[in-house]
**Student:** 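Provided herewith is a single structure, encoded as structure tokens, for subsequent inquiry.
Just so it is clear, the values below take in all heavy atoms, side chains as well, and ignore hydrogens, waters and symmetry mates. This structure is a prediction, so every number in the text was calculated from the model and none was measured. Counting convention: from 1, in listed order, for ligands and their atoms alike.
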Amino acid sequence: MAFDASRPDLIVGVIGTGAMGRGIAQVAAAGGLQVMMSDSRPGAAQEARNFIEKMLARAAEKGVMTRDEVVGAVSRLQIVGGLADMKPCHLVVEAIVENLEAKQQLFAELEGIVSPDCILATNTSSLSVTTIAARLKTPQRFAGFHFFNPVPLMKLVEVIEGLRSDDWVAEALMVIGRRMTREPVRLKDAPGFLVNQVGRGFTLEAAHLAYEGVAAFADVDRVMRDVGGFRMGPFELMELTGLDVTQPASELIYHQFFQEPRYRPNFIMRSRYEAGVLGRKTRRGFYDYDAEMKAIVPPEPAAPAAYPGNVWVSPAESRGHAVLSELLRKIGAQMETGSRPSTNALILVTPIGDDATTCAVEQELDPKRTVAVDTMFPMAKRRTIMTTPVTNPVYRQAAHGLLASDGVPVTVCRDSPGFIAQRIVAMIVNIGCSIAQCRTAQPADIDKAVTLGLNYPHGPFRFGDVLGPDRVFKVLGAMYRIYGDPRYRPNIWLTRRARLGVSLLTPEP
Ligand code: NAI
């Protein structure tokens with residue numbers, strides 16, 4: 001098909017001019033494309049055009065665009081009465097209500113209006129691109145063109161090939177996406193596409209560990225910000241998005257994957273969703289809100305003034321032993337150097353994946369004096385420790401006091417395989433690897449999409465490489481062994497690269 005995606009007179013139709021459609025129209029017009037806008041609600045397209053004009057004027061005030069560029073972009077926005085007027089379009093992007101019937105009906109109508117080589121694209125966030133195209137006479141010219149909210153600020157666009165899409169369609173959308181000043185990433189149709197699939201690792205694993213009572217919502221958020229390097233904790237993020245969006249999307253992805261345990265939703269989200277405790281939009285969610293809509297975050301308990309006598313660090317994990325010993329020496333702890341702890345020493349273990357109980361039992365250490373420290377993540381901004389169910393509170397306090405004695409906050413969580421950050425990040429890496437293994441997208445593209453679309457500090461592959469594929473594999477292996485839950489089984493892509501000692505980005509021939 002000789003489709004010229006670079007032609008200067010390219011016309012893009014946008015149907016549905018709500019939150020997403022108006023954003024798509026804005027970036028298309030700002031990128032130099034002619035835009036035709038239509039909405040079934042009378043006056044909606046005009047409202048959208050007025051809104052875009054205001055947004056572009058603001059861009060000019062900030063110096064992001066010149067006034068001439070704004071005038072040019074606005075002149076390229078044309079409101080049309082209905083589908084029949086979309087005839088001259090080279091591409092039509094649909095951003096109507098998220099309903100399969102409605103979308104299929106719209107495209108069936110459009111198919112009889114536009115020329116045979118016009119690309120038809122959906123901005124759906126959760127429906128299958130292949131299914132939307134299934135009733136078309138020409139599904140080969142159909143694809144997903146998935147933008148993120150708010151469109152002008154979110155550079156990513158996922159270009160999704162349905163099962164019956166021709167290659168030229170995705171190739172053309174990649175070019176058009178760039179003309180719209182987006183960063184397009186190409187992938188094959190899959191539940192949650194790419195970004196929304198990886199995002200389940202962050203939110204759902206947080207929900208699972210909070211459900212188990214490992215840590216409070218605010219503690220999980222603090223750890224993921226300060227230790228994991230995320231801009232927002234998983235509960236803060238769900239508060240902002242709203243459980244009315246996150247929960248149905250999570251359940252849909254889980255069922256679309258035939259109840260794959262990796263994507264299993266959690267009851268604490270479901271019950272809140274059903275109770276209407278949705279987050280900021282209902283002024284109540286995982287947090288409560290004050291009159292100014294600021295989240296009321298429970299304060300952290302002050303670090304105890306307690307301090308241990310002797311401290312013995314387990315050598316079982318050599319890297320963790322080295323990192324923690326160096327930190328303790330800097331802090332000025334009284335360290336023991338013997339191969340076993342003395343009778344009253346505080347015992348510190350540094351598990352990768354194991355819980356404190358497993359460490360104490362398998363290393364034949366006194367569980368009453370054992371405290372685990374997470375050394376897999378940087379410890380400069382916050383430290384995470386956990387205890388066995390029988391750790392004497394005096395030893396817990398001593399470990400807390402010691403590790404906070406240089407002013408760095410410490411989060412104390414209950415015993416859990418993988419602490420907080422290890423298990424959440426391991427799930428993100430595992431899901432990223434399963435996307436690559438299924439050939440949904442290339443590893444480098446997955447990393448790019450996740451950093452752009454989710455603002456994570458790294459994509460799953462880079463994150464795994466920074467932490468060490470062998471260690472991420474170990475975290476998942478320990479979680480799988482301790483819980484006996486296939487949710488935590490390491491993906492085969494990760495397993496092979498960890499065992500070979502190579503980067504997770506290593507492609508298959
Ligand atoms: P919205 O409710 O703000 O806008 C939808 C617009 O479509 C409304 O103006 C409505 O009047 C119009 N509409 C409904 N049925 C129509 C029809 N048959 N023909 C023409 N116009 C019709 O919805 P929003 O948030 O803009 O979402 C639109 C699509 O974008 C959905 O498929 C959604 O899943 C997807 N999406 C939404 C994201 C978000 O964060 N809101 C992110 C990515 C995708």
**Student:** Can you list the ligand 1 atoms lying under 4.0 Å from a non-hydrogen atom of R41?
**Tutor:**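 Those qualifying, in numeric order: 11 (O).
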**Student:** When only distance counts, is I15 in polar contact with ligand 1, meaning an N/O pair under 3.5 Å?
**Tutor:** no
**Student:** Hey, are R284 and D288 close enough for a salt bridge, meaning a charged N less than 4.0 Å from a carboxylate O?
**Tutor:**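 Looking at R284 and D288, the cut-off is met.
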**Student:** Taking NZ, NE, NH1 and NH2 as the nitrogens, is one of them in R383 or D226 under 4.0 Å from a carboxylate oxygen of the other?
**Tutor:** no
**Student:** Tell me whether S40 has any N or O atom under 3.5 angstrom from an N or O of ligand 1.
**Tutor:**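 Right, the criterion is met.
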**Student:** Do any N or O atoms from the side chain of R264 and from the backbone of E260 form a donor-acceptor pair under 3.5 angstrom?
**Tutor:** no
**Student:** Measuring from the heavy atoms of R22, does anything fall under 4.0 Å of ligand 1?
**Tutor:** no
**Student:** For E94 and ligand 1, does the shortest N/O to N/O distance drop below 3.5 Å?
**Tutor:** no
**Student:** Compute the ring centroids of Y480 and Y488, then answer whether they are less than 6.0 Å apart.
**Tutor:** no
**Student:** Hey, does I435 have a side-chain heavy atom less than 4.5 Å from the side chain of V198?
**Tutor:**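 A side-chain contact exists here, since the closest heavy-atom pair is under 4.5 Å.
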**Student:** Which of the listed options, D39, V245, V93, I96, holds the heavy atom that is closest to atom 18 (N) of ligand 1?
**Tutor:**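 Considering heavy atoms of D39, V245, V93, I96, the nearest to atom 18 (N) of ligand 1 sits in I96.
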**Student:** Given that the side chain starts at C-beta and the backbone is N, CA, C, O, which of these parts of F147 lies under 4.0 Å from ligand 1, counting heavy atoms, or is it both or neither?
**Tutor:**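 Backbone only.
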**Student:** Just wondering, do P234 and M224 contact through their side chains at under 4.5 Å, heavy atoms?
**Tutor:** yes
**Student:** Report yes if some N/O of T124 lies less than 3.5 Å from some N/O of ligand 1; otherwise report no.
**Tutor:** no
**Student:** Would you say L106 and ligand 1 have an N/O pair spaced under 3.5 Å apart?
**Tutor:** no
**Student:** Could you establish whether A95 and ligand 1 come within less than 4.0 Å of each other, counting only heavy atoms on the residue side?
**Tutor:** yes
**Student:** Answer with side chain, backbone, both or neither: which part of Q105 has a heavy atom less than 4.0 angstrom from an atom of ligand 1?
**Tutor:** neither
**Student:** What do we get for L127 next to ligand 1 when only non-hydrogen atoms under 4.0 Å count, side chain, backbone, both or neither?
**Tutor:** neither
**Student:** Any chance the rings of F107 and F142 have centres within less than 6.0 Å?
**Tutor:** yes
**Student:** Between N123, V195, L454, V157, which is the residue that forms a side-chain contact (heavy atoms from CB on, under 4.5 Å) with F148?
**Tutor:**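 Single side-chain contact (heavy atoms from CB on, under 4.5 Å) partner of F148 among N123, V195, L454, V157: V195.
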**Student:** Out of E98, E47, E109, indicate the one that has the non-hydrogen atom closest to atom 32 (O) of ligand 1.
**Tutor:** E98
**Student:** Given F202, which partner from the list F235, F230, F463 fulfils the ring-ring contact (aromatic ring centres under 6.0 Å, His included) test?
**Tutor:**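 Checked F235, F230, F463 against F202; only one passes ring-ring contact (aromatic ring centres under 6.0 Å, His included): F230.
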**Student:** Can an N or O of N123 be found at a distance shorter than 3.5 Å from an N or O of ligand 1?
**Tutor:** yes
**Student:** For atom 11 (O) of ligand 1, is some protein heavy-atom partner under 4.0 Å away?
**Tutor:** yes
